[in-house]
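So that the names make sense, note that chain A is the first sequence line, chain B the second, and so on, each numbered from 1. Quick caveat, the model's predicted, so the values are computed rather than measured.
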There are 2 protein chains.
Amino acid sequence: MSANPANRVSSGERINITSEPGRLEQELSRRGKRLTRQRRTLLRIIDTAPRHLNVEVLLRLARRADPRLNRVTVYRTLDLLKREGLVDELDLLHLRGHQHYYETRGPRDHIHVACFGCGKVREVESELFDRLKQQIEGDCDMQITVARMEIGGYCSRCRRPGL
Amino acid sequence: MSANPANRVSSGERINITSEPGRLEQELSRRGKRLTRQRRTLLRIIDTAPRHLNVEVLLRLARRADPRLNRVTVYRTLDLLKREGLVDELDLLHLRGHQHYYETRGPRDHIHVACFGCGKVREVESELFDRLKQQIEGDCDMQITVARMEIGGYCSRCRRPGL
DNA sequence: ATAGATGCAAATATTTTGCCGCCAG
DNA sequence: CTGGCGGCAAAATATTTGCATCTAT
């Protein structure tokens, strides 16, 4: 099936190399956005913290540094980053409720593969995925700004009993 | 890019051939689920109505036939259909708010391509997409039950000015 | 100086739950 | 008959808005 090694997916347990500390701050500054104390705090966390942050966790982490920081500011900052194309918003197939998850956007999109059994989420890159996007870009004459692929199922350890 | 014709995407303006009226009702019945009046109403609508229904629209359509039908019943029925793998849940990249959209699940998954400018959503099938899923299934040893791919961007008529 | 950001409270939107009476099988 | 289902009200969760105040530039 994946006879060609170039087609093989690459495992997702990598470090987020795209987010050397300060990247988001630099980007926003470059685009003429104001860097408030609250934004710096949030950007630093998003740049360095675990992937798949949700609003709840982001707020909790931010308040360690700045206890007055408001939840609304979290929402507004995430909106800004979304509009600027600096973070992606995911729902991870509603694995846990209807909240959203956010992650910094790197040079290469990846696929999220989630197990409904154990809840583990793997990130996967694939040459086929990149080609598929190109194909759609061409055939639909679209200028793609967001590409999201989320796969749900059961991993080998959680294989559904009755299937 | 898509030199191989087999790789070309197929346009999405097709009829939903997978939902000949009664299909959902048959499926649920076959699985030993009760067919109440409310469920029949909802199933009929989902089987035949426009794609990308949200709860609001589904409820409104349902109440034409059964004015007492409750919103909670809509949620519970959609949950059932999701659990049974008969409908897919989408958010279409939050094109319009954070609501979800539902569509009957056919034999072949498709990609949703949405334009942030005009809001149009195209459905696209692709041989590459099928191969990508197979690849992940194999390489991650996953038993895939849901595969969602959503693309956002700007179509030729809405091309973003400053990009 | 001033456009734009934050905090707070309240509003809105979306989804879930508890409970009781009802109905499909 | 009876266990699953639907309606209603209320709760829980998630996100947005109005407005006065503050601050980065």
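Closest-nucleotide positions on DNA chain C for B:Arg37 and B:Gln99 were compared, and the one nearer the 5' end corresponds to B:Gln99. Residues B:Arg63 and B:Lys33 both approach DNA chain D. Their nearest nucleotides, taken by heavy-atom distance, put B:Lys33 toward the 5′ side. Both B:Arg76 and A:Thr77 lie close to DNA chain C; mapped to their nearest nucleotides by heavy-atom distance, the more 5′-ward contact belongs to A:Thr77. Between B:Arg34 and B:Gln38, the residue anchored nearer the 5' end of DNA chain D, judged by the nucleotide with its closest heavy atom, is B:Arg34.
Going from atom CZ of B:Arg63 over to atom CG of B:Asn70 covers 6.5 Å, rounded to the nearest 0.5 Å.
Both A:Ile144 and B:Met149 are assigned to one and the same hydrophobic cluster, defined by single-linkage of ILVMFWY side chains at heavy-atom distances under 4.5 Å.
In this structure B:Arg148 satisfies the side chain to side chain donor-acceptor pair (under 3.5 Å) test together with A:Asp91, A:Glu150, sequence neighbours excluded. In terms of the salt bridge (charged side-chain N to carboxylate O under 4.0 Å, His left out) criterion, residue partners of B:Asp130 (sequence neighbours excluded) are, by chain and number, B:Arg108, B:Lys133.
Comparing atom distances between the A:Arg39 side chain and each of C:dA5, D:dC5, D:dT15 picks out C:dA5 as nearest. Which of D:dA24, C:dT15, D:dG6 sits closest to the side chain of B:His100 comes down to C:dT15.
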| field | Residue pair B:Arg44, B:Glu25: steps toward the salt bridge (charged side-chain N to carboxylate O under 4.0 Å, His left out) verdict | value | CA-CA 8 Å; B:Arg44 181 169 43 74; B:Glu25 195 170 310; over 6 Å; no

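Aromatic ring orientation, B:His98 versus A:His100: tilted (interplanar angle from 30° to 60°).
Across residues 64-74 of chain B, B:Arg68, B:Leu69, B:Asn70, B:Val72, B:Thr73 each have a non-hydrogen atom less than 4.0 Å from an atom of DNA chain D (numbered order).
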